[in-house]
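Have a look at the structure below, then the notes.
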Amino acid sequence: GLTGNKGWQAHWRDATPKSEYDVVIIGGGGHGLATAYYLAKKHGITNVAVLEKGYLGGGNVGRNTTIVRANYFLPGNSEFYSHSLKLWEGLEEDLNYNVMHSQRGQIVLFHSDGQGDAMARRGNAMINQGDDAEMLDRAALRRMVPYLDYDNARFPIYGGMLQRRAGTARHDAVAWGYARGASERGVDLIQNCEVTGIDIEGGVVKGVQTTRGAIRARKVAMVVAGRSSQVAAMAGMRLPIESHVLQAFVTEGLKPAIDHVISFGMGHFYISQSDKGGLVFGGDLDMYASYAARGNLPLVEHVMEAGMALMPAIGKARVLRSWGGIMDMSPDGSPVIDRTHIDGLYLNCGWCYGGFKAVPASGDVTAHLIATGAPHTAGARFRLDRFRTGRGLMDEEGTGSQHN
Ligand code: FAD
């Protein structure tokens, strides 16, 4: 800033669309950009375009509360998020980009013996998967985070489970890092380019219609998170996805006070402190389907109450901003990365509240599927037909809403 921004270079080429690509990715969020990056880097497929209707990183990837963790319980999710966390741990070196990945640890609170038992079971599953988990009793927790309300709590605090390798990252830097890496390898990143139709002939995808003209493609991937149902409808598909608003909040900058991410599932509340000092926190969905990226006031009140119930001192902080994002909610809380019944058309969706931490693995797994035609071992269970057949459902919705 002090240099007047002179000499700064654009992070990526502002490409104009070509008439034809090997792969077109619809959606320039975290998952679309990561898919393009791994297609180019791991599979050498560079004749690729990412089509974004707004600006890169303007969707959920730049709106989330940035929690990165690998504490899922069920086979399918467990190996996928474990793979993702390992990719996070090498991401800055891989991209040569500072995404401010901070492994400050996440603590998930429990409020009864029964919840503690369930938490210990989850922790064991995490350790069996090769990740870390530690149970903290009330005294150990109190030493670590003394500012919670242990005496008059709305829900008595019995203890917590700590994952030290969990933490946060700077959300839009993740989008920018993947964008730069993909662009440097030849991928065309095309902004202000909305896909308005998908061309299909004889059950085979042929390309897309956009606000900047028709583009032919041998393969097309729909990677549009909250807009998945709308885009899939262009291919005649009806998805088992509902789009819901999730809100988040940030306070004025304060001195360092909260060292970890703290998740208070009983209150649907979670909090961390950004490097700028703002307390970043959020709660549950607004609970009605909507494409509006803003939320309602009753939920604001609910989140503030939950924050006050957990740590009354938070009442002195002034909230600066709140915002919302559109979540692609799947019926079992787990995602879809799969081919569709249309040859050459792929689907990546169903990230619910938890798709930021998934970005590296989702890009890797989706790129693998597109490039090789076979599912990656870390994402082989994310099949779309589980909702039709009932086989292979991974009912882990709570791990999103209660941990974020
Ligand atoms: P997006 O960034 O939304 O990308 C999709 C893109 O597709 C958008 O840019 C959109 O403009 C584009 N698009 C849509 N339609 C079209 C079209 N027709 N043509 C072209 N482009 C199109 N996850 C976590 O892991 N941890 C958290 O702590 C966390 N907290 C969250 C808090 C909030 C308030 C919100 C809103 C989300 C949170 N999430 C969290 C979830 C996470 O942000 C999302 O699951 C994830 O970002 C979704 O994937 P994406 O980045 O690819 O989506």
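Counting starts at 1 for both ligands and their atoms, following the listed order.
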### Query
Do you know which two heavy atoms are closest between V61 and N64, and how far apart they sit?
O-ND2, 3.1 Å
### Query
Which pair of non-hydrogen atoms, one from M126 and one from A133, has the smallest distance, and what is that distance?
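Where M126 meets A133 most closely, the heavy atoms are CE-CB, 3.8 Å.
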Compute the minimum heavy-atom distance from [X] to ligand 1 and say whether it is under 4.0 Å.
X	result
R69	no
C352	yes
G354	yes
G57	no

Among all protein heavy atoms, pick the one closest to [atom] and tell me residue, atom and distance.
atom	answer
atom 52 (O) of ligand 1	H31 N, 3.1 Å
atom 48 (C) of ligand 1	A225 CB, 3.8 Å
atom 11 (O) of ligand 1	E52 OE2, 2.6 Å
atom 29 (C) of ligand 1	N404 OD1, 3.0 Å
atom 19 (N) of ligand 1	V195 N, 2.9 Å
atom 41 (C) of ligand 1	Y353 O, 3.2 Å
atom 38 (C) of ligand 1	N64 CB, 3.1 Å
atom 4 (O) of ligand 1	G29 CA, 3.2 Å

With only distance considered, is [X] within less than 3.5 Å of ligand 1 through an N or O on each side?
X	answer
V61	yes
K53	yes
E194	no
I67	yes

Is there a donor in the side chain of [X] and an acceptor in the side chain of [Y], or the other way round, less than 3.5 Å apart?
X	Y	result
Y353	Y270	no
S78	Q129	yes
Y37	D94	yes
Q163	E134	no
R391	T389	no

### Task
May I ask you to decide if G363's main-chain N or O and T366's side chain share a donor-acceptor pair within less than 3.5 Å?
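Answer holds: no.
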### Heavy-atom donor-acceptor pair, D286 side chain to N296 backbone, under 3.5 Å
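Checking the backbone N and O of N296 against the side chain of D286, a donor-acceptor pair under 3.5 Å is found.
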Tell me the contacting part of [X] for ligand 1: side chain, backbone, both, or neither, using a 4.0 Å heavy-atom threshold, strictly below.
X	answer
R227	side chain
C193	backbone
V68	neither
L51	backbone
Q230	neither

### Message
Does Y150, at its OH atom, have more than 12 non-hydrogen atoms belonging to other residues, nucleotides or ligands within less than 6.0 Å?
### Response
yes
## Note on the structure
Here the atoms of ligand 1 under 4.0 Å from any heavy atom belonging to V224 are 5 (C), 7 (O), 13 (N), 14 (C), 15 (N), 16 (C), 22 (C)
### Task
Rounded to the nearest 0.5 Å, what's the gap from CZ on R69 to CD on Q106? Could you check?
5.5 Å
